[in-house]
Novice: 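Once you've had a glance at the structure underneath, I'll fire off some questions.
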Amino acid sequence: MDGVGTSKHSPHGGGDAAAARPAADARPPAHEAEIEKILLDADRRDSEADIRDDVSDKRAEAADLQAFLDTTETYSGLGERRAAALDRSHAKSDRASSAEDRAKLSQHNDALDDEPVTP
């Protein structure tokens, strides 16, 4: 399994959140800490979504394999498929929330960059 936050599914590539941001000397340190927390939370949610996707894929694959190999029973993989679908749905929701948080920060940072800095 890939390291947390480095999955091929991760749109942010698992990079360091602080390294991806330009330095902003005009912002107060408390604001920087708030931004860092939002970015770290977004990265954490993306990593958790990656893990849930991997687990749900394995669960669905195992159910399909079991159904394929068992010739004496009727297919009973619907519960596993439902659980895998719920995991994927939650992962998608987490990714959307993370992307929304990053977009809001980007818009906020752009507005701050447009403000004149007084010495």
Side-chain angles (χ1 to χ4, degrees):
M1 177 191 255
D2 292 330
V4 173
T6 60
S7 173
K8 63 185 175 190
H9 302 290
S10 179
H12 61 285
D16 183 14
R21 287 193 345 265
D25 297 321
R27 294 186 190 113
H31 186 68
E32 286 293 319
E34 182 180 332
I35 290 173
E36 188 66 27
K37 181 181 181 322
I38 291 170
L39 290 173
L40 290 173
D41 286 346
D43 285 344
R44 178 190 49 80
R45 285 192 310 266
D46 282 344
S47 295
E48 290 172 356
D50 291 342
I51 292 168
R52 260 197 308 278
D53 277 343
D54 289 342
V55 169
S56 64
D57 288 345
K58 290 176 185 174
R59 184 182 299 138
E61 183 180 336
D64 288 342
L65 182 60
Q66 181 180 11
F68 178 75
L69 295 176
D70 190 0
T71 59
T72 61
E73 295 289 326
T74 59
Y75 180 67
S76 62
L78 294 179
E80 290 85 354
R81 285 182 171 274
R82 186 176 300 114
L86 286 172
D87 283 343
R88 286 187 188 103
S89 174
H90 291 143
K92 182 179 179 180
S93 174
D94 282 346
R95 282 197 182 87
S97 178
S98 296
E100 185 178 313
D101 286 350
R102 288 187 183 100
K104 286 178 184 175
L105 279 177
S106 177
Q107 292 168 355
H108 181 73
N109 286 340
D110 288 346
L112 287 176
D113 290 342
D114 291 340
E115 291 179 7
V117 178
T118 56

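Basis for what follows: all heavy atoms, side chains included, without hydrogens, waters or symmetry-related copies. Being a predicted model, the structure only gives us computed values, none of them experimental.
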Novice: Does the side chain of D101 come within less than 4.5 Å of R45's, by heavy atoms?
Specialist: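 Answer yes - side chains close enough.
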Novice: I'd like to know if D94 pairs up with R44 as an ion pair, taking the criterion as any Lys NZ or Arg NE/NH1/NH2 lying under 4.0 Å from an Asp or Glu carboxylate oxygen.
Specialist: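 Not counted as a salt bridge, because no side-chain N and carboxylate O are separated by less than 4.0 Å.
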Novice: Under 4.0 Å between a side-chain nitrogen and a carboxylate oxygen: does that hold for K37 and D41?
Specialist: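 The answer is yes: the pair qualifies as a salt bridge.
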Novice: Which heavy-atom pair separates A60 from R88 by the least distance, and what is that distance?
Specialist: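 Scanning both residues completely, I find the closest heavy atoms to be CB-NH2, 4.0 Å.
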Novice: Treating S47 as the side-chain partner and D43 as the backbone partner, does any N or O pair qualify as donor plus acceptor under 3.5 Å?
Specialist: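 Yes, the answer is positive, given that a donor and an acceptor are paired below the 3.5 Å cut-off.
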Novice: Atom NE2 in H31, atom CD in E34: separation rounded to 0.5 Å?
Specialist: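 Answer for the NE2-CD pair, H31 versus E34, is 6.5 Å.
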Novice: Hey, what do you get for OG (S97) to CZ (R102), rounding to the nearest 0.5 Å?
Specialist: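 CZ of R102 is found 9.5 Å from OG of S97.
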Novice: Can you sort out the partners of A91 under side-chain contact (heavy atoms from CB on, under 4.5 Å), two or more places apart, ordered by chain and number?
Specialist: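 Partners of A91 by the side-chain contact (heavy atoms from CB on, under 4.5 Å) criterion, ordered by chain and then number, come out as A49, R52, D53, R95.
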Novice: Going through the distances and angles, do I38 and K104 end up as a side-chain contact (heavy atoms from CB on, under 4.5 Å)?
Specialist: CA-CA 10 Å; I38 291 170; K104 286 178 184 175; over 6 Å; no
